[in-house]
Protein chains: 2
Amino acid sequence: MGSRVTLIDVARHAGVSRTTASYVITGTGRVSTATRERVLASIDTLGYVYNEGAASLRRKGRTIGVIVPNIDRPFFGEVLIGVESTFTDSGYMSLMVSTRDQLDQQARLLRMLREHQVAALAIIPATGSDRDLVNAIHSWDVPTVFLSRYIAGSTEPYVGSDEVRGGYLAADHLVRAHRCRSISYIGGPELGVARIDRLHGVRRAIAESGTGVSLVDVTSESTVEAGLRAGHALSRGELPDGVICHNDSIAMGVARALYEQGRAGATRIIGYDDVAAAQASVPSLTSVATNGRLLGETAAQALLAVISGAEPTVRSHLTEPRLVVRESCGDHIEDRSPS
Amino acid sequence: MGSRVTLIDVARHAGVSRTTASYVITGTGRVSTATRERVLASIDTLGYVYNEGAASLRRKGRTIGVIVPNIDRPFFGEVLIGVESTFTDSGYMSLMVSTRDQLDQQARLLRMLREHQVAALAIIPATGSDRDLVNAIHSWDVPTVFLSRYIAGSTEPYVGSDEVRGGYLAADHLVRAHRCRSISYIGGPELGVARIDRLHGVRRAIAESGTGVSLVDVTSESTVEAGLRAGHALSRGELPDGVICHNDSIAMGVARALYEQGRAGATRIIGYDDVAAAQASVPSLTSVATNGRLLGETAAQALLAVISGAEPTVRSHLTEPRLVVRESCGDHIEDRSPS
DNA sequence: TTGTAAGCGTTATCAC
DNA sequence: GTGATAACGCTTACAA
């Protein structure tokens, strides 16, 4: 009935030794076609299933640890798709865990992954992670890639979108195409590297424009609700000419808040990540596209390479973001607010 | 340096036997406080880490298989949060894989999970899964819960939202509160059980109303893009009085398409799942809330119970959906009583 | 309370 | 080409 069928049973049934049976299963070693057939037949009739756990005791395991802050944020979801599909397509399984963006959870999960002997680790570190995390992972000595968020000062392999460039693209569009003189950056955790980098890009774009542009930045959670709150707060004062949001959820919240205040289209809004919903919102959302899926695939491929012995250290890799211009930053938006 | 420290090393260092060391780690057996301290100290100084894989060779493993169609669909993301957090909080790890809603992938992944000796299985089956899947899982003999989608005729434990009720709530609102005489159901895979059940609910609501209401249903993918296409197709003809969409992504696409045709608000739209973006869309989306997270938690808890030996078969569990009324279904007649 | 020893199912080494 | 045999790191009766 159960998985009580072992390699020994197969070997006995096929009239060979465990070794030969093992050779057939793993494809290793030299086995005559005749015996191979026989073994395969036995496997089939006996209903044998390979025991990865037992095998891992001798050879390297085929399980990969994947750590993310929240599975439900659309962007991370896309990244996960990329990571997971790449690994399973190569015969590896992903042990996915979410830290809820909390450092203590992260430490705990890291330990559990260690106990599970994962062969590699892909991690989007929790906000606030520092050298301690890097050191812990480093001393552990398992191939690792940091994803989407990097740790300041770390030299570990990193795959992410070029945040500085993303901020630049957004601000440049506002300043040059729309002649904005005041810009607000909304959202993201205060110390998040993505936020800081994007703001750098924003400032650079402003500086390059040669015009005097005022910049205000506000932190917030990365949720629709937070965007709604931020939008209402914003509309209590004088609106900036343009708003850059830390992600699309916030942007949708801000746009909605302005709409509720009867000021739809009163300022230009740019989101970040270009998730699926961006194109369907009203107004449709201009957004900095980052292609999370590609990010995930890239990271996974890098890890697979290292595991396969391609020793040469994985180098960091930045993908190029792209600005997708839609209605939310346009001047052509009619005022559809409820009168 | 690496994880070369084994229980033997710990035992030697602490001056005890493997057994005692093992007792300390697992909390099993009787050990004097003195020796326990000593062992723990050794573990610390030696940097020992438990080897779950090796342990699983003797006792039951602590890894759970989780199969979903797509990680990136917001609703499934919520379900996963519930499943994963519940399991990790209990010391189990989730081996998550996505089938891309394809049967061959699903079969392959099922096999891999088996080889990894998972202690239990939570699965949202791919569209089109049938008795074959149930039989395969059943003969495998591992505690299993079907999640969110059930297999027709299967008696395996199932945790999901009451789809019939959801369809009823949506249609009842359209028919009674808005006096709709024509309704379209848009989206979902043709043979999906959720779709079929919801349509049952819709028909029941129509029948109960005693009025003659025409019902049209169209299948589609569950994406924003598909919603856009469906919305444009819809607006080429005469619009129905009300539209029920298979999920919120489709609903947002439909609403957007109408907007693009200059017919925003020309019909009432109801979405499904009530994902975060629903409240921020313009118009904000009326939606049937299903609480995916709770679903995931419930399923995980049921599995944990079975694993812990609470033999009595997990019974199926349906959660009650709730209609969240917002702007997209328009001019509300004050009738908030779809209790 | 602690130690001895027999597995768990696989792979690696080295003979034949 | 094929087959003994020794690991791999841990759990768990059974003794002491």
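Numbered from 1 within each chain, the chains take letters A, B, ... in sequence-line order.
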Trainee: Could you tell me the separation between the CG atom of B:D9 and the C1' atom of D:dC10, rounded to a whole number of Å?
Mentor: 13 Å

Trainee: Specify the closest pair of heavy atoms between A:A302 and A:V145, including all atoms of both residues, with the distance to one decimal.
Mentor: CB-CG2, 4.5 Å

Trainee: Suppose we screen for ring pair (Phe, Tyr, Trp, His ring centres under 6.0 Å). Which residues come up paired with B:F76, at least two apart in sequence or across chains?
Mentor: none

Trainee: Sequence neighbours left out, what passes salt bridge (charged side-chain N to carboxylate O under 4.0 Å, His left out) with B:E84? Give chain and number order.
Mentor: none

Trainee: Listed by chain and number, what are the side chain to side chain contact (heavy atoms under 4.5 Å, CB included) partners of B:R36, not counting sequence neighbours?
Mentor: B:V24, B:V31, B:L40

Trainee: Estimate the overall bend of the helix from C:dT1-D:dA16 to C:dC16-D:dG1 from the end axes over five pairs each, rounded to 10 degrees.
Mentor: 30°

Trainee: Measure CD1/A:I8 against P/C:dG7 and give the value in whole Å, please.
Mentor: 11 Å

Trainee: If the condition is side-chain hydrogen bond (donor to acceptor under 3.5 Å, both in side chains), which residues does B:E221 pass it with, not counting sequence neighbours?
Mentor: none

Trainee: Just to verify, what does A:R58 make a salt bridge (charged side-chain N to carboxylate O under 4.0 Å, His left out) with, not counting sequence neighbours?
Mentor: none

Trainee: Going 5' to 3' along nucleotides 11-16 of chain D, which nucleotides have protein heavy atoms under 4.0 Å from the base (write B), which only from the sugar-phosphate (write S), and which from neither (write -)?
Mentor: BBB---

Trainee: How close or far is atom P of D:dG9 from atom CG of A:L57, stated in whole angstroms?
Mentor: 7 Å

Trainee: Hey, does the side chain of B:T35 come within less than 4.0 Å of C:dT2's phosphate (OP1/OP2), counting only N and O?
Mentor: yes

Trainee: Give me each pair satisfying side chain to side chain donor-acceptor pair (under 3.5 Å) with a member in residues 40-49 of chain B, each pair once, sequence neighbours excluded.
Mentor: B:H13-B:S42

Trainee: Starting at atom NE2 of B:H116, determine the distance to atom P of C:dT10, rounded to an integer number of angstrom.
Mentor: 14 Å

Trainee: B:N51 CG to C:dT10 P: how many Å, rounded?
Mentor: 17 Å

Trainee: Report yes if at least one side-chain N or O of A:S17 is closer than 4.0 Å to OP1 or OP2 of D:dG3; otherwise report no.
Mentor: yes

Trainee: Whole-Å distance between C:dT10 C1' and A:R12 CZ?
Mentor: 15 Å

Trainee: What contact category does A:S56 fall into here, base, sugar-phosphate, or nothing, at under 4.0 angstrom with non-hydrogen atoms?
Mentor: nothing

Trainee: Just to verify, what does B:S161 make a side chain to side chain contact (heavy atoms under 4.5 Å, CB included) with, not counting sequence neighbours?
Mentor: B:T290, B:T319, B:P321

Trainee: Any heavy-atom pair between the side chains of A:N51 and B:Q117 that's under 4.5 Å?
Mentor: yes

Trainee: Output the rounded distance in Å from CD (A:E52) to C1' (C:dT10).
Mentor: 10 Å

